Amino acid sequence: MKPFLSLVKRDLTLGLRKKSQIYQPLVFQLLVVTMFPLGLGSGAKTLALIAPAVIWILALLASLLTLDQIFKNDYDDGSVESYVLTSYPLSMAVMAKVLAHWLLTGLPLVLFAPVLGVLLHLPSSSYGVLMLSLLIGTPIFSFIGSIGSALTMSLKHGGLLLTVLVMPLLAPVLIFGAGAVVESALGNSASQHLLLLSGMLVLSFTLVPFASAAAIKINLE
Amino acid sequence: MKPFLSLVKRDLTLGLRKKSQIYQPLVFQLLVVTMFPLGLGSGAKTLALIAPAVIWILALLASLLTLDQIFKNDYDDGSVESYVLTSYPLSMAVMAKVLAHWLLTGLPLVLFAPVLGVLLHLPSSSYGVLMLSLLIGTPIFSFIGSIGSALTMSLKHGGLLLTVLVMPLLAPVLIFGAGAVVESALGNSASQHLLLLSGMLVLSFTLVPFASAAAIKINLE
Amino acid sequence: MPIIKATDVSCQRGQFTLFEPVSFTLAEGQSLLISGANGIGKTTLLESIAGLRSIQLGNIEYKSIDLLKSKDQWFDDSFFIGHKTGNKKELNCLENLRSFLQIQGIDVSEKQAEDALDKVGLAGYEYQFAGSLSAGQKKRLALARLTLIKHTVWILDEPFVNLDVAGCDWLLKLLNQHIDNKGILIITAHDNPSIRKKITHELVLEMQR
Amino acid sequence: MPIIKATDVSCQRGQFTLFEPVSFTLAEGQSLLISGANGIGKTTLLESIAGLRSIQLGNIEYKSIDLLKSKDQWFDDSFFIGHKTGNKKELNCLENLRSFLQIQGIDVSEKQAEDALDKVGLAGYEYQFAGSLSAGQKKRLALARLTLIKHTVWILDEPFVNLDVAGCDWLLKLLNQHIDNKGILIITAHDNPSIRKKITHELVLEMQR
Amino acid sequence: MKKQRTNAIVTLYHKLGSPPSFYRISGYFLKWLLLISIALTCWGLYDGLVLAPADYQQGDSFRIIYVHVPAAWMSMFIYAVMGIAAIIAIIWRMKVAEAVMIASAPIGAWFTFLALVTGSLWGKPMWGTWWEWDARMTSELILLFLYIGIMATYGAFSEDARKAARMAALVAVVGLVNLPIIHFSVKWWSSIHQGTTVSLTGESHITWEMLRPLLYMAFATKFYYGYSMLKRARLYLLETESQKKWAHTVITENK
Ligand code: HEM
Ligand SMILES: Nc1ncnc2c1ncn2[C@@H]1O[C@H](COP(=O)(O)OP(=O)(O)OP(=O)(O)O)[C@@H](O)[C@H]1O
Ligand SMILES: Nc1ncnc2c1ncn2[C@@H]1O[C@H](COP(=O)(O)OP(=O)(O)OP(=O)(O)O)[C@@H](O)[C@H]1O
Ligand SMILES: [Mg+2]
Ligand SMILES: [Mg+2]
């Protein structure tokens, strides 16, 4: 089996063994969504208004909670060596790690989004756009996040620093992602927003692996 | 110097040395607050409506991000032994740890809250109640959180589990905390809510140290 | 008069009992080496004796009182250093040494701590953060505590690991001194056969049948 | 013909140069023991040679090509095991061994991996998670990789640490075999003097003046 | 003739690239940069606060422009300088570029902060609120976050200054790539969702008396940046080269 596939397979095995990594972000989302009506103390109208923003922000926060794991684990137990000390390109290993991370944490967020939509009274006609926008947006979280993860992997408490590093970079994703949902809730076409999102995905797909690989190498010095 | 004071002093030294622990939760709050208008894409009106809820939820989330550090660090590097393997009561050590944690992370949240209020267009007449409610509420976060931190300290990725464990317990705090701010924004008296909050603080102050101490002992087995 | 008396003690990990139950007694000035193959349960046993785990099979008495009943006296008299050193990487060597002991209620002046670091070969590293010490230096920093305490029972899990030759010699001497002062020592050390010379008891753990 | 040639190499940590520059050459079947006091920089040097850190002072050539220029050949031929073992605690022993090597492009069948675990004394632990192994067992699991690879250069940082007597003997034999097969070995080991017998070169690191 | 000139540039490049000569050469400029920036600031503030006429609409509160606008300009200018230095630091591993990059970050962050604070001080009398979510202000806020991220990265690895600098440089470069994306998306976002809250185009009517102090202040801040940046960069070089002979002599001489 190719190194790429071996790495993806190993990470998926790890993730599926500790299922908590998969369901806890979803529980987190649910909990925060419950907090909103509790804190607001008001009716459904406000909820529906803020639903697209809240769902997208929660997707972002839930991703952030797991992003540090992309490389930190491997650094802590020394298994980074298994892909750094080989002639196989490090950027491909980064790709494999990001892919596995997205499958384990991003995809569940996409599939779970309609539940949050229901809880926040999002018009059901927008569910399609909601899921589609997340399907394009969450991989960008994983890609950009991998840079932050590589930068902070040697720190004991890198989680917060990672958040600070990554969140400003992800603001555009949020704008167009939530924007798409808002448009569709208003009955407009969301295709322009979705196109822009796709452009960002392509961009991060092509640039990020090299940036993350560079970060890993500097971090190991 | 008494063990209690030594422990508080050591943790404060640690915290002040890595200032990131102090300011990063604040930056995190700022970032999420920025995400709201970006995601909402609508005017200031909605913002003011959701401001109390958002500020309180953010205080909760920001605390949660640092809560796992209460005991996890000490467990990882083996320095739990310095307060477990002595005849000095473990519950007092828990108190010391909680106190240090609150001074390092809770207090800054209280002081920073007005900035979030400005950004979210909270009426400035409510700033007093906002800060007061957080002043009573954030120590409860630290106390209750210490139980979760003790339970999850031996886990590699306890952060998310801790969130899931602690958040439901803290829901009442959030309800009354945000409630107080909502009332004051409406021009009503918030004293009833604040009284209830204070009651919770007293309760957690008296009960939690024993619960956390028990959790530590069980976890070390 | 035996001070520590263990009767039919064994340890469990998961559901499995690790080794054949062992018994031993230790009096003043006696020392116990626990040996056995990798994975037999030495670390688990030491942690149980120290009080980090509870003893599930058999019982241990300290000064004729069951450890489960009153731990305070035991904690006041015994001192454990395990695989994890308990150093904070963000504190420097001096701060580490002092705060660790102070939290246990043992007052250590700056002067005393400096002397201890000096003895252990870390002179010049007083203000370096523990996080940036080498493996052997970290171990030395932890062992420096031994020069500052008055506890009668020392429980050490593989203290020689990562020490260089000079470090091993120093530690051997310190341990001898402790025993000569009527201290009690419980230790594991597969990498240092010369410890056997001063040891009064040896316990070879054997696989549970 | 020298295969590895190091000229005036030294390492830095922070701003400080650690030890007096050293030079050495190694040909087929030769082996190098790096020794020196705790904290002198052995680990740092080994990591630099392996390619985890970049070499800042001096240079190292592998087959007459500077390591900085072409790392691929070097990575294909050299194998490093350091203080951190690189085991995943949520994977069992078999999975750990196989996935580690497969990610490096080395195919290992289940049968081969089982044999390797058997050799290293972990028979019966194939399906135990690495997280619940003892200190010595973790080390053995990492060392099992050595029986499955074809790399000519082995770089081992304190491989004997935590191994019991039987484990040390096994490892010594394996290292001898590697050298006899014209392999190259670069190693640190302050706890095992008997390694000196088979070593062709020794480098004693000394403090930078 | 032409050849000679390129040679001069190459030697200048090499000179500035080597820490000791950078240290020495920058030493000559320090005092002058500081003096010029102080003089310009004094003159600019006097011109702006006293000489320039009050605005017919905003009265005297418009005078905050003389701090706000130069600060806002600097926040972007410094990021550009820092980004370029960061690219050089990563690709060519040039120590002086690291120094410039690391030295720029806190100054840029302070100017950004200043722009935000003066902006919101201005906003209160102008719009009746401290803060409005419009494109320009939002992207200035995000710029502050980027600066904070860079400084936090540097701080997180403080045990090894060079590694820390190279990590921070990587963050700066990634931010640099993203900056246009952020800028345009924020613009776009506020243009589709918000009616223009305020029109800032009033300044085309600005008179020379009002514009002149602005230019003074713009230059004053540039000189101040030059001074402060060189000073910090020199410190960084001394710290990371403290084992080299030149740094040693500098340190002992200064004692
Ligand atoms: C916190 C709130 C504010 C922030 C973050 C902010 C930010 C900025 C920035 C980044 C620039 C530079 C733009 C450029 O050169 O392209 C700028 C320029 C300027 N700002 Fe503000 N601003 C704020 C509030 C205000 C207010 C309330 C006013 C007055 C009504 C104002 C008036 C101006 C003017 C006149 C300029 C110069 C225009 C130009 O060069 O294009 N700003 N501000
Ligand atoms: N991040 C760091 N910053 C500054 N100094 C460091 C850092 N990390 C390690 N050092 C120092 O570098 C030196 C070399 O460390 P290294 O781990 O290479 O030593 P070693 O020879 O392997 O020691 P040991 O025998 O104890 O394993 C030590 O003196 C240590 O204090
Ligand atoms: N969490 C666990 N669950 C199940 N078994 C465990 C767990 N932790 C450890 N073990 C098993 O317990 C046994 C004893 O481990 P212990 O660390 O006490 O051994 P040790 O004698 O100290 O070995 P070493 O010489 O390698 O340090 C090992 O066989 C190990 O596989
Ligand atoms: Mg052990
Ligand atoms: Mg070492």
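Within every chain, numbering begins at 1; the chains are lettered A, B, ... in the order of the sequence lines, protein sequences first and strands thereafter. Worth saying up front: this structure is predicted, and the values here are computed from it rather than measured.
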(message) For a side-chain contact (heavy atoms from CB on, under 4.5 Å) check, start with the C-alpha distance between Val9(D) and Leu57(D), then their side-chain angles and the critical distance, and finish with the verdict.
(response) CA-CA 5 Å; Val9(D) 172; Leu57(D) 303 171; over 6 Å; no
(message) Rounded to the nearest 0.5 Å, what separates atom CG in Leu174(D) from atom CG in Leu143(D)?
(response) 8.5 Å
(message) At a 4.5 Å cut-off on heavy atoms, which part of Ala37(C) comes close to chain D: side chain, backbone, both, or neither?
(response) both
(message) Could you report the tightest heavy-atom contact between Ile60(C) and Ala6(C), atom names first, then the distance?
(response) CG1-CB, 4.1 Å
(request) Measure across Leu141(D) and Ala130(D) and return the closest heavy-atom pair with its distance rounded to 0.1 Å. (result) CD2-CB, 4.0 Å
(request) For residues Leu33(C) and Ala189(C), report the shortest heavy-atom separation together with the two atoms involved. (result) CD1-N, 4.0 Å
(request) Nearest 0.5 Å please: distance from the CG atom of Leu203(D) over to the CZ atom of Phe19(D). (result) 8.0 Å
(request) Taking all heavy atoms of Leu146(D) and all of Ile149(D), pick out the closest pair and write down the distance. (result) O-CG1, 3.6 Å
Between chain C and chain D, donor-acceptor distances below 3.5 angstrom:
residue	atom	partner	partner atom	Å
Asn38(C)	N	Asp164(D)	OD2	2.8
Asn38(C)	OD1	Arg140(D)	NE	2.9
Asn38(C)	OD1	Arg140(D)	NH2	3.3
Asn38(C)	OD1	Asp164(D)	N	3.2
Asn38(C)	ND2	Asn162(D)	O	2.8
Gly39(C)	N	Ser134(D)	OG	3.1
Ser134(C)	OG	Gly39(D)	N	3.2
Arg140(C)	NE	Asn38(D)	OD1	2.9
Arg140(C)	NH2	Asn38(D)	OD1	3.2
Asn162(C)	O	Asn38(D)	ND2	2.8
Asn162(C)	O	His190(D)	NE2	3.3
Asp164(C)	N	Asn38(D)	OD1	3.1
Asp164(C)	OD2	Asn38(D)	N	2.8
His190(C)	NE2	Asn162(D)	O	3.3

(request) Measure Ile40(D) against the heavy atoms of chain C and call it side chain, backbone, both or neither at under 4.5 Å. (result) neither
